[in-house]
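Heads up: the structure comes next, in structure tokens.
Per chain, numbering begins at 1; letters A, B, ... match sequence-line order.
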Amino acid sequence: MVRIAVLFLCFSLAVGTAAASVGSVGAASSGSAWSPYLAGGLIGLLTMATYFFSGTPLGASSAYANAGGLALRAGGVDPRRIPYFEKHPPVVDWEVMLVVGVVIGAFIAAATGGELTGRWLPPLWVERFGETPVLRVTVAAAGGVLMAFGARLAGGCTSGHGISGALQLSVASWVSLACFLIGGVITAHLLYLW
Amino acid sequence: MAPPKRLIRGLLFGIVFGFLLQKGGAAQFHLLIGALLLEDFTVIKVMMSAVVVGMIGVWSLDGRGAVSVSQKPLRYGANVFGGLLFGAGFALSAYCPGTAAAALGQGNFDALGTIVGMVAGSLLYALAAPALNAQPMLSRGPGEIGWHEVLGLRAPPTIAIFCIGLILALVGLDALPEWTG
């Protein structure tokens with residue numbers, strides 16, 4: 001089975017590289033630096049590595065829960081007074097480090113690819129809502145509140161359910177992912193097209 | 001706190017993850033919103049490609065190293081309601097928990113709003129958790145269950161079905177511009 005896995009690894013790397021060279025035209029028109037199949041395929045290989053070496057799937061949402069608990073502690077409040085944090089003591093764990101790493105990795109990718117943006121307002125937002133940085137950050141924060149609440153309730157986010165749980169064949173993850181998309185598509189249409 | 005080696009591995013994996021997310025366009029506001037507006041499918045293709053490769057790869061490693069494929073618990077109310085809430089927040093923010101970090105790394109400072117919101121939202125959930133857990137409507141469900149069990153198949157044929165379906169969907173998404181002009 002391991003040999004099959006390794007063979008598959010080499011095969012997908014080869015296919016991915018070929019797709020990247022052919023697909024680089026597609027990537028340019030789609031707006032991403034690399035072919036999405038290459039980036040996605042390599043993320044798939046990354047999940048193999050995280051499972052194999054760390055026994056942990058990719059995820060992100062729990063890092064923010066840990067950050068919240070740690071913030072409480074930093075503010076002089078013992079988080080364990082809240083039952084949730086008694087069950088899940090806030091700690092700098094693997095996933096917290098993963099999210100920190102994501103910031104760094106994305107910076108390296110953007111910097112080396114000439115895609116650093118350095119702005120508060122995305123152009124698409126300005127088109128619809130004008131130069132409104134306070135509004136943008138407020139809406140982003142409101143979105144964050146809903147996402148964190150929803151992710152804790154559903155048990156994961158687009159990484160935890162959408163990638164990891166989905167590849168594990170968890171029914172919960174496919175259900176959650178479908179609802180992420182339904183909620184997201186409806187809200188995005190209301191916000192941007194209505 | 002976890003052992004330092006484990007934390008460093010998490011950091012390194014995160015750097016690779018963030019790098020790939022950014023290269024795949026998942027740190028870009030217009031691509032994320034474009035996906036939710038059903039106009040641009042770049043980030044959808046990234047996710048689906050990751051699931052196809054990961055599904056075959058991870059399952060073939062099941063039992064090796066630290067790999068142990070388990071299932072997330074299916075609780076109808078929690079997964080549906082939580083999912084819809086997440087989706088709504090996703091559209092407002094454009095960045096999700098993972099892509100917010102990637103977006104920040106790329107220099108999109110509005111992701112800081114999302115990050116602060118997510119920390120606050122997690123605390124809100126922590127406070128609401130006891131009341132929510134007491135709601136049978138939210139917690140009812142079959143528990144940890146995978147599609148292969150639902151379909152009454154072994155994992156390999158289920159994986160084949162899902163991967164063929166995902167690849168067909170990817171081919172369809174790729175051909176979409178030609179269909180719609």
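Considering only heavy-atom pairs separated by less than 4.5 Å from chain A, the leading option among G143(B), G146(B), G98(B), S93(B) is S93(B). For the set T158(A), V175(A), L191(A), the entry with the most heavy-atom pairs within less than 4.5 Å of chain B is T158(A). In terms of heavy-atom pairs under 4.5 Å with chain A, the best-connected choice from M118(B), M48(B), M47(B) is M118(B). Among A111(A), C157(A), G69(A), the residue with the largest count of heavy-atom pairs under 4.5 Å with chain B is C157(A). Here P97(B) is the residue among G25(B), P142(B), P97(B), S122(B) with the most heavy-atom pairs under 4.5 Å with chain A. Note: L124(A) leads V137(A), L124(A), L181(A), L193(A) in heavy-atom pairs under 4.5 Å with chain B. Among L190(A), T50(A), L177(A), the residue with the largest count of heavy-atom pairs under 4.5 Å with chain B is T50(A). Among T47(A), V103(A), I182(A), the residue with the largest count of heavy-atom pairs under 4.5 Å with chain B is V103(A). Comparing S49(B), G34(B), G24(B), A91(B) by how many heavy-atom pairs each has under 4.5 Å with chain A, the most go to S49(B). The candidate with the highest count of non-hydrogen atom pairs below 4.5 Å against chain A, out of C96(B), A102(B), A88(B), A94(B), is A88(B). Contact count versus chain A (heavy atoms, under 4.5 Å) is highest, among V51(B), L85(B), V58(B), N133(B), for V58(B). Of the listed residues (W125(A), F107(A), W94(A), Y84(A)), the one with the most heavy-atom contacts under 4.5 Å to chain B is W94(A).
At a 4.5 Å heavy-atom cutoff, the contact between I33(B) and chain A is made by side-chain atoms alone. Both the backbone and the side chain of L116(A) come within less than 4.5 Å of a heavy atom of chain B. When heavy atoms are compared at a cutoff of 4.5 Å, P73(B) approaches chain A solely by way of its backbone atoms N, CA, C and O. If you measure heavy-atom distances from L112(B) to chain A, the contacts under 4.5 Å come from the side chain alone. In this structure, chain A has heavy atoms under 4.5 Å from both the backbone and the side chain of D174(B). Only the side chain of Q28(B) comes within contact range of chain A, with heavy atoms under 4.5 Å apart. For a residue to count as touching a neighbouring chain, one of its non-hydrogen atoms must lie under 4.5 Å from one of that chain's; by this rule V69(B) touches chain A with the side chain only. In this structure, chain A has no heavy atom under 4.5 Å from any part of L12(B). Neither the backbone nor the side chain of V116(B) comes within contact range of chain A; no heavy atoms are under 4.5 Å apart. Contacts between A126(B) and chain A at a heavy-atom distance below 4.5 Å involve backbone atoms as well as side-chain atoms. With a 4.5 Å cut-off on non-hydrogen atoms, F162(B) touches chain A through its side chain but not through its backbone. Looking at T56(A), the atoms closer than 4.5 Å to chain B (heavy atoms on both sides) all sit in the side chain, from C-beta outward. Contact annotation for Y95(B): both backbone and side-chain heavy atoms come within less than 4.5 Å of a heavy atom of chain A. For I186(A), no part sits under 4.5 Å from any heavy atom of chain B, backbone or side chain. In this structure, the portions of R119(A) lying under 4.5 Å from any heavy atom of chain B include both its backbone and its side chain. Contacts of I145(B) with chain A are made by both backbone and side-chain atoms, with heavy-atom separations under 4.5 Å. In this structure, the portion of A128(B) lying under 4.5 Å from any heavy atom of chain A is its side chain and not its backbone.
Aromatic ring centres of W59(B) and H148(B) lie closer together than 6.0 Å.
The main-chain N or O of G155(A) is never found under 3.5 Å from a side-chain atom of R75(B) such that the two would form a donor-acceptor pair. Side-chain N or O atoms of E115(A) include none that pairs as donor or acceptor with a backbone N or O of A109(A) at under 3.5 Å. Side chain of N66(A) to backbone of V91(A): a donor-acceptor contact under 3.5 angstrom is found. In this structure, D78(A) contributes its side chain and R80(A) its backbone to a donor-acceptor pair below 3.5 Å. Using a distance-only test at 3.5 Å, with no hydrogens or angles considered, a donor-acceptor pair links the side chain of H161(A) to the main chain of A154(A).
Rounded to the nearest 0.5 angstrom, L74(B) CG and W174(A) CH2 are separated by 14.5 Å.
Atom CZ of R6(B) sits in a crowded spot, with more than 12 heavy atoms from other residues, nucleotides or ligands closer than 6.0 Å.
No side-chain donor-acceptor contact under 3.5 Å links W147(B) and S170(A). Looking at Q168(A) and Q71(B), their side chains never bring a donor and an acceptor atom within 3.5 Å of each other.
Taking the side chain as every heavy atom from C-beta outward, V92(A) and M97(A) approach each other to under 4.5 Å. Using a 4.5 Å cut-off on side-chain heavy atoms (C-beta onward), F41(B) and P36(A) make no contact. Residues L92(B) and T114(B) fail the side-chain proximity criterion, which asks for heavy atoms closer than 4.5 Å.
Both the sub-6.0 Å distance and the 45° axial angle are not jointly satisfied by K87(A) relative to the ring of F85(A).
Ring pair F129(A)/Y192(A) is perpendicular by interplanar angle, where above 60° counts as perpendicular and below 30° as parallel. Using the six-membered ring where Trp is involved, F180(A) and F86(B) have ring planes that are tilted, between 30° and 60° apart.
Just one of S61(A), S54(A), S159(A), S62(A) meets the side chain to side chain donor-acceptor pair (under 3.5 Å) condition when paired with E95(A); it is S62(A).
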